[in-house]
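Taking it in order: structure first as structure tokens, then the write-up.
Order of the sequence lines sets the chain letters (A, B, ...), proteins ahead of strands, with each chain counted from 1.
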Protein chains: 2
Amino acid sequence: MKVLTKKTDYAIRALLMLGAKRGSYLSAKAIAVEQQMPYQFLRGLLQEMIRHNLIVSKEGVKGGFMLERDPDEIRVRQLIEIFQGAVQVSECVFRKQICANRSRCVLRHEIMRIEEVVNSEFEQVTIGKLLRKLNAGSNMMSALKKEDKTLQEG
Amino acid sequence: MKVLTKKTDYAIRALLMLGAKRGSYLSAKAIAVEQQMPYQFLRGLLQEMIRHNLIVSKEGVKGGFMLERDPDEIRVRQLIEIFQGAVQVSECVFRKQICANRSRCVLRHEIMRIEEVVNSEFEQVTIGKLLRKLNAGSNMMSALKKEDKTLQEG
DNA sequence: TTTAATTGATATCAATATAGTATCAGTTAG
DNA sequence: CTAACTGATACTATATTGATATCAATTAAA
Ligand code: FES
Ligand code: FES
């Protein structure tokens, strides 16, 4: 059971790179090479994020993408919603025709409760938080920038 | 993003029916008709649950399936693991080659933390709990038994 | 002004996972 | 004997995920 798909995974990593270089444009190619993601696939993700106003772009030579929004307001939950659709534990384990009063159904409540827990967990993880943890964690940042090529065997 | 697939969904419902009729055998056909699930599909699920010692079966006329284990020990988490594979938030958002010391990686920790939360939520939901809620909740049980045919428009 | 580096917008494809169907052999109560 | 069952397995269909390809438009800079 995979909770984060490649799309979300790549999107997070791309946003972290953009977040680390705020103010200047970073090309899709640079991100793809750096993070070892398929170029065209990544481009699709970046365009999707533009549509959702997470990033902006500039065309042409020296163009690329830039993070404009506050990284603390970009939540993994939103990324999951964009790339995987909203979290839903299940439509309803006990079909409509079984339960007369859905609002009172304890099972539905149980399931919705878990759904909320999952959502709130992902809500609390933001690009900003991840960035700070990266910066605090010494080598991660340099690894992300690939300045230290010795870190090739994790 | 669908957390419970049809397999898990059907399995839970089948187990609840079996749990409600402990001591006697219930045929796959009876469950399939009752819960409106595809017969052969359900049979596959039941066989899988036998392999995992959740239920037992008897062949031949008047045969069927029976719940032997304590319903309180059948956890939705285990069902998810059986039918969807263990919950994993992501392999590792930041590939091995990026992170020199995986055990210290804060990002990994963040992701594993969420994984644990999700798992523990599903761990807490057992067939037994669901059965009790069903019984407590009046109409749900009768709906499950389809004795009240008026509940057809939830 | 030409060129190369870029994004915008799509179309297509491949791989995998999910959902569902079909078949036949073996078992057993009646 | 037979009909109602499970065991085992092969198959098909559909949806989702992951990835690639193409071409037009834009732009910095040689
Ligand atoms: S059975 Fe669907 S809400 Fe209760
Ligand atoms: S990047 Fe993989 S564990 Fe840190």
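- With hydrogens and angles disregarded, a donor-acceptor distance shorter than 3.5 Å links the side chain of A/R75 to the backbone of A/E123.
- Atom pair B/F83:CZ and C/dG20:C1' shows a separation of 15 Å (rounding to whole Å applied).
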* For every nucleotide of nucleotides 4-12 of chain C, 5' to 3': is a protein heavy atom under 4.0 Å from its base (B), only from its sugar-phosphate (S), or from neither (-)? -> BBBBBB---
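- Between the CD atom of B/E48 and the C1' atom of D/dG7 there is a distance of 13 Å, rounded to whole Å.
- Neither OP1 nor OP2 of C/dT16 sits under 4.0 Å from any side-chain N or O of A/K6.
- Every side-chain contact (heavy atoms from CB on, under 4.5 Å) that A/V56 has, sequence neighbours left out, goes to A/M66, A/E68.
- Side-chain heavy-atom separations under 4.5 angstrom define the hydrophobic clusters, and A/V61 shares its cluster with no other residue.
- For residues 48-58 of chain B, every residue pair satisfying the side chain to side chain donor-acceptor pair (under 3.5 Å) rule, not counting sequence neighbours, is listed here: B/E48-B/R51.
- Residues passing the side-chain contact (heavy atoms from CB on, under 4.5 Å) test with A/Q40 are A/R43, sequence neighbours excluded.
- Atom P of nucleotide C/dT18 and atom CZ of B/F41 are separated by 10 Å, given to the nearest angstrom.
- If you take CG of B/L45 and P of D/dG7, they are 13 Å apart, rounded to a whole angstrom.
- Over its full length, the helix from C/dT1-D/dA30 to C/dG30-D/dC1 turns its helical axis through 0°, comparing axes from the five pairs at each end and rounding to 10°.
- For B/T5, a side-chain nitrogen or oxygen approaches OP1 or OP2 of C/dA19 to under 4.0 Å.
- Contacts of B/A30 classified as side-chain contact (heavy atoms from CB on, under 4.5 Å), with partners at least two apart in sequence or in another chain: B/L26, B/S27.
- In this structure, A/V117 shares a hydrophobic cluster with B/V117, the cluster being traced through Ile, Leu, Val, Met, Phe, Trp and Tyr side chains under 4.5 angstrom apart.
- The interatomic distance linking A/K2 (NZ) with C/dT18 (P) rounds to 9 Å, in whole Å.
- Between A/D9 atom CG and D/dT17 atom C1' the separation is 13 Å, expressed in whole Å.
- Counting only residues at least two apart or in different chains, ring-ring contact (aromatic ring centres under 6.0 Å, His included) contacts with residues 26-49 of chain A comprise A/Y10-A/F41.
- B/L79 places none of its side-chain heavy atoms less than 4.5 Å from the side chain of B/F122.
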